[in-house]
Asker: 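Got a structure here, written out as structure tokens. Questions coming.
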Amino acid sequence: MDIITFDKLPEAVSLLLEKVSHIESLLTGQKLQPEYDEPLNIIKAAKFLDLAVPTVYSKVSRKEIPVNKQGKRLYFYKSELEEWIRQGRKHTFNELRENIQLPRKNLTHRRK
């Protein structure tokens with residue numbers, strides 16, 4: 001890395017602003033492109049979930065998994081499957097403890 005002297009400071013700031021502007025344009029360009037959520041057939045959905053196809057059919061029949069049906073065909077959206085997985089998240093012991101407000105026993109008034 002070159003040492004920036006006082007004389008080179010305006011040039012360095014200009015270069016820095018140019019690079020930041022370029023990074024900003026790259027980031028905003030990425031945000032403008034919406035991610036296409038392609039429908040998955042049952043085989044692709046089973047592969048994505050790492051489940052057997054009959055297991056996915058079973059979950060569909062018990063209405064445990066989000067599904068879209070057109071005629072006799074089943075379609076799944078990756079975003080819906082990811083959200084379904086997130087909803088099944090088990091809370092950690094610390095999260096459960098924070099959410100449960102147990103009444104504290106008054107230790108100063110003990111029965112004898």
Side-chain angles (χ1 to χ4, degrees):
M1 183 171 190
D2 293 337
I3 297 175
I4 300 173
T5 63
F6 185 75
D7 295 336
K8 294 181 181 179
L9 191 59
E11 183 182 329
V13 170
S14 176
L15 181 63
L16 181 62
L17 289 174
E18 186 180 314
K19 289 185 177 188
V20 168
S21 177
H22 179 68
I23 291 170
E24 184 179 42
S25 67
L26 288 174
L27 291 175
T28 56
Q30 289 177 354
K31 291 179 184 176
L32 294 177
Q33 300 171 358
E35 186 177 323
Y36 178 66
D37 199 9
E38 181 180 343
L40 306 174
N41 63 24
I42 191 137
I43 295 169
K44 290 179 182 177
K47 187 173 184 176
F48 173 75
L49 296 170
D50 196 23
L51 296 172
V53 172
T55 304
V56 177
Y57 275 120
S58 175
K59 290 184 177 301
V60 167
S61 69
R62 291 192 308 258
K63 299 185 186 328
E64 294 178 0
I65 192 168
V67 64
N68 298 284
K69 188 173 181 183
Q70 279 294 334
K72 294 183 178 183
R73 296 195 181 263
L74 300 176
Y75 296 99
F76 304 85
Y77 286 97
K78 191 174 180 180
S79 61
E80 291 177 347
L81 295 176
E82 288 171 342
E83 182 61 30
W84 174 72
I85 292 168
R86 279 188 208 94
Q87 289 175 354
R89 181 180 175 276
K90 300 294 182 192
H91 293 287
T92 65
F93 178 75
N94 288 335
E95 290 171 336
L96 290 172
R97 188 174 42 176
E98 288 175 7
N99 290 335
I100 297 175
Q101 301 262 338
L102 295 176
R104 291 190 156 244
K105 293 181 181 178
N106 192 346
L107 298 177
T108 57
H109 300 288
R110 289 189 181 174
R111 284 189 180 182
K112 292 187 181 181

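Model, not experiment: these values are computed from the prediction.
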Asker: Can you give me the closest heavy-atom contact between Phe76 and Ala45, atom names plus distance?
Answerer: CD1-CB, 3.5 Å
Asker: Can you see which heavy atom on Asn68 is nearest to which on Glu80, and at what distance?
Answerer: ND2-OE1, 3.5 Å
Asker: Mind listing the closest non-hydrogen atom pair of Pro66 and Leu81 along with its distance?
Answerer: O-CD2, 4.2 Å
Asker: Just verifying a value: how many Å separate Lys69 NZ and Tyr75 OH, rounded to the nearest 0.5 Å?
Answerer: 12.0 Å
Asker: Return the set of residues passing salt bridge (Lys or Arg N to Asp or Glu O under 4.0 Å) with Arg73 (not counting sequence neighbours), or none when no residue passes.
Answerer: none
Asker: State which residues pass side chain to side chain contact (heavy atoms under 4.5 Å, CB included) with Tyr57; sequence neighbours excluded, sorted by chain then number.
Answerer: Ile42, Val53, Leu74
Asker: For Leu51, which residues count as a side chain to side chain contact (heavy atoms under 4.5 Å, CB included) partner, sequence neighbours excluded?
Answerer: Leu49, Thr55, Val56, Lys59
Asker: Counting heavy atoms not belonging to Ile43, are there more than 12 under 6.0 Å from its CD1?
Answerer: no
Asker: What distance do Glu82 atom CD and Gln87 atom CD have between them, rounded to the nearest 0.5 Å?
Answerer: 12.5 Å
Asker: Indicate, with yes or no, if Val67 and Phe48 share a hydrophobic cluster defined by side-chain heavy-atom contacts under 4.5 Å among Ile, Leu, Val, Met, Phe, Trp and Tyr.
Answerer: yes
Asker: Applying side chain to side chain donor-acceptor pair (under 3.5 Å), can you list everything that pairs with Asp50, at least two apart in sequence or on another chain?
Answerer: none
Asker: Keeping to residues at least two apart or across chains, list the salt bridge (Lys or Arg N to Asp or Glu O under 4.0 Å) pairs with something in residues 8-29.
Answerer: none
Asker: Spell out, as yes or no, whether a donor-acceptor pair under 3.5 Å connects the side chain of Trp84 to the backbone of Ser79.
Answerer: no
Asker: What residues, two or more places apart in sequence or in another chain, satisfy side chain to side chain contact (heavy atoms under 4.5 Å, CB included) together with Asp7?
Answerer: Thr5
